[in-house]
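Report on the structure given below.
Just so it is clear: chains get the letters A, B, ... in the order the sequence lines come, proteins before strands, and each one is counted from 1. Computation of the quantities below employed the complete heavy-atom set of this structure, encompassing side-chain atoms and omitting hydrogens, waters and symmetry-equivalent molecules. As the structure is a computational prediction, the values presented were derived from the model and not from experiment.
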Amino acid sequence: MKNLVKRALSLLFLLTFTLPLLACSDNEEYTEYGNLTLRICNWEDYIAEDDDGVAMWQEFESWYEQKHGVDITVEYSTFGTPEILYNNLKINPGCYDLICPSDYMIQKMIEEGMLDTFDIVTQIPNYDTYASGYLKNLFEEKGWTSYALPYMWGTMGFIYNPEEVPDEDAFSWACAIDDKYFNKTTIKDSVRDTYFLGVALAKLDYLSELNEKYTSSAITKAEYQATLAATFNDTSEEMVNSVEQVLKKAKQNAFSIEVDSGKDDMVTGKVHLNFAWSGDAVYAMDEAEESGLILNYAVPKEGSNIWFDGWCMPKGANTKLACAFLDYISDPEKAWENMEYIGYTSAIAGDYVFDRVLETYDVGADAEGAEEVDLSYYFDNISRPATLYVDERNRQFDAQYPNESITTRCTIMDRFTPEQDKRINDMWNRVKAGEIGLYLIVIGSTAGVFLIAALIVILYKKDVFVARPPKGYKRIS
Amino acid sequence: MKLRFARKHLCIPYALFLALFVIAPILIMLYYAFTDSEGGFTLMNFASIFSDITALSAVLSSVSIALLTTAICLIIGYPVAYILARSGLKHGKTLLLLFITPMWINFVMRLNALKEFFALINILDKSAYFNTVIGMVYDFLPFMILPLYTTLIKMDNSLIEASQDLGANKIKTFVNVVIPQSMPGVISGITMVFMPSMTNYVISDILGRSHITILGKLIENYFMQNNWNMGAAISMMLLAVMFVFTWLTGGFNDDAANAKGVGL
């Protein structure tokens with residue numbers, strides 16, 4: 001028996017450590033069409049599904065088969081955070097052909113030489129034709145063009161209840177530490193986003209002055225954006241310390257520290273201000289409307305974060321099929337389908353998408369309260385003027401398609417180096433741990449000490465409880 | 001060799017399960033707990049649990065929350081279990097069932113219901129600490145009542161009768177006969193409430209609105225931040241606490257009669 005168990009155990013150890021490696025088998029199925037398996041790893045809920053639950057990657061399989069007459073297999077999986085994806089790739093390089101990390105992770109992977117390059121013009125013509133020039137330029141400036149293809153993007157800001165929070169308040173980060181909104185705000189349990197909020201809070205005056213300088217044309221757009229980027233990417237010890245102080249204050253003011261529950265708490269009215277991603281804002285506004293509540297979204301004037309998720313191909317990927325897939329989802333119809341399903345803004349612009357935007361948001365020049373909005377900075381590739389009339393401002397439309405004055409005050413947050421990462425994570429852990437009230441510890445510990453004392457007495461000094469004979473009796477032993 | 005089926009072969013499935021899901025993960029955790037991010041041997045992870053203000057504050061708040069929860073559960077649970085087991089209630093079993101029924105509903109669902117209820121009576125945004133304790137008591141009370149009930153119902157009635165025959169009043173009988181006899185139930189009740197309430201951060205997240213970081217949450221934080229080493233170290237520490245507790249209460253005694261806690 002012992003031997004048997006021993007053998008079984010050793011076999012199992014072997015299996016435990018080798019199974020994860022086997023799970024990501026190498027692609028060896030080459031034919032004249034090349035490798036016929038495409039392994040995609042994407043965020044959860046980040047690709048459209050039709051009403052029958054058929055996802056777009058499944059549609060791609062059958063579309064490819066019809067077009068080229070070859071059977072292909074798409075292996076689709078999801079990840080929770082870009083860090084997990086990164087770890088998977090480090091442990092097992094080449095286990096995916098196509099991944100969709102966020103901006104800072106793309107940057108990190110490029111720097112560590114983990115990504116293959118591709119050529120957009122020849123390999124992904126749909127993207128080349130339809131993608132917004134605004135995003136193409138941003139990626140070009142960052143030097144990411146041949147490594148990553150923007151998929152969805154958005155901003156960070158406040159979802160707010162206009163009945164409780166006046167617009168001018170919501171358009172400043174200051175309300176996160178304003179006593180007026182005690183227990184009515186939230187912060188994100190996500191270190192990068194909250195660090196961003198912390199910097200904004202620590203540099204409130206500086207940032208709003210900077211914005212005024214830009215709006216009064218005292219500095220150029222390029223100067224403004226460069227200063228903005230430098231400020232928000234400041235991770236010096238000094239900055240981290242002052243961020244810690246303001247975040248502690250923001251935490252005291254906050255109802256909750258959340259990643260997901262904030263939307264619902266907004267809809268049920270538990271909080272009035274929710275620090276949120278623009279896509280979540282669209283979702284919350286839609287949900288609230290159903291229960292008759294109007295919510296708004298604001299990108300504060302001090303400046304905010306603009307973020308992207310982009311498709312990348314790790315070294316050794318099956319680039320041919322990956323590019324075919326990217327070309328497929330870059331088709332404006334598919335892009336709009338994804339946008340409707342996910343709620344964020346697709347990198348694909350073009351006439352078709354603009355038509356859909358008009359259908360959804362345009363109210364016509366004569367409608368009451370209609371304002372003309374110019375989106376030509378984003379829809380720079382369409383055959384007519386990119387203007388439309390909308391009547392409800394600071395709502396779904398503005399969250400999904402921020403105008404140029406908003407995107408100008410948004411900046412990309414760079415990746416942190418491991419040292420910066422550690423410094424900021426430690427800071428954030430300290431903020432989250434906080435100072436629990438001394439009296440609470442005292443209450444809890446006293447109760448506990450009594451309990452333990454009672455236990456020890458009962459367990460090991462049982463004679464405490466041995467009945468003493470009443471007076472007058474004598475024990476006969 | 002001829003393969004013959006023997007009774008001992010029946011334990012192969014469990015041995016496999018044990019190796020794959022209990023022993024292997026613990027070994028992996030041990031490895032991470034004693035290494036740094038570069039993979040070199042270090043004891044720093046354990047040292048920083050007791051020197052880092054973050055971990056220390058998490059230890060303090062978890063321990064005080066867990067102690068308070070356990071104490072309240074015991075205070076509420078003991079009388080309930082006693083009445084259910086010893087008062088000869090007509091519908092005792094049904095009543096017991098009523099205490100257990102909530103466990104059949106998913107606990108995240110129950111916690112969210114409790115959250116809405118707290119919001120309704122306007123205490124949700126008050127003390128995150130006490131909300132968490134209430135949530136923990138609510139969630140773990142059945143785990144205290146059940147083992148108490150099982151020991152109390154098995155108790156030999158003649159011992160109580162003997163005590164009364166020998167002149168002890170009701171209180172004396174309770175203190176000298178009932179309590180010592182029910183200690184195995186008390187101990188397993190405490191074990192089953194104390195450990196999970198140190199680590200169940202879903203409760204402190206939902207009802208404490210993440211304002212409180214208990215050890216379970218801290219482990220999650222470290223894992224989310226890719227600091228597997230610290231996460232593993234804290235997990236190992238919790239395991240050690242559990243081990244010591246079980247050992248103190250005689251959980252490792254093969255001789256069931258001498259064990260001070262009923263088997264978990």
query = Is A:Asp264 salt-bridged to B:Lys115, cutoff N-O under 4.0 Å?
reply = no

inquiry  = Need one label for B:Ala58: side chain, backbone, both or neither, based on atoms under 4.5 Å from any heavy atom in chain A.
reply    = neither

task = Name the option with the most non-hydrogen atom pairs under 4.5 Å to chain B; the candidates are A:Asn87, A:Thr81, A:Asp189, A:Ile84.
result = A:Asn87

inquiry  = Looking only at heavy atoms and a cut-off of under 4.5 Å, which of A:Thr268, A:Asp421, A:Asn425 has the most pairs with chain B?
reply    = A:Asn425

ask   = Where does B:Tyr222 contact chain A at under 4.5 Å (heavy atoms): side chain, backbone, both or neither?
value = side chain

remark   = So, the part of A:Asn429 with a heavy atom under 4.5 Å from chain B: the answer is both

ask   = A:Trp428 and B:Gln225: which non-hydrogen atoms are nearest, and at how many Å?
value = CD1-NE2, 4.3 Å

query = Between B:Thr54 (side chain) and A:Ala433 (backbone), is there a donor-acceptor pair under 3.5 Å?
reply = no

key: Non-hydrogen side-chain atoms of A:Glu258 and B:Arg209 separated by less than 4.5 Å   = no

Under 4.5 Å from any heavy atom of chain A - which part of B:Leu74 = side chain

task = Could you tell me whether B:Ile171 atom CD1 has more than 12 heavy atoms of other residues or ligands within 6.0 Å of it?
result = no

ask   = Which pair of heavy atoms, one from A:Lys270 and one from B:Ala119, lies closest together, and at what distance?
value = CE-CB, 3.6 Å

query = Are any side-chain N or O atoms of B:His211 and backbone N or O atoms of A:Phe255, one a donor and one an acceptor, separated by less than 3.5 Å?
reply = yes

message = Take a 6.0 Å sphere around NZ of B:Lys126 and say whether it holds more than 12 heavy atoms from other residues, nucleotides or ligands.
response = yes

remark   = For B:Ser210 and A:Ile257, the nearest pair of non-hydrogen atoms, with its separation, is OG-O, 2.9 Å

request  = Apply side-chain contact (heavy atoms from CB on, under 4.5 Å) to the pair B:Met224 and A:Glu83, showing each step before the final yes or no.
outcome  = CA-CA 8 Å; B:Met224 295 296 282; A:Glu83 284 72 21; over 6 Å; no

request  = With a 4.5 angstrom heavy-atom cut-off, could you sort out which part of B:Asp125 is near chain A: side chain, backbone, both or neither?
outcome  = both

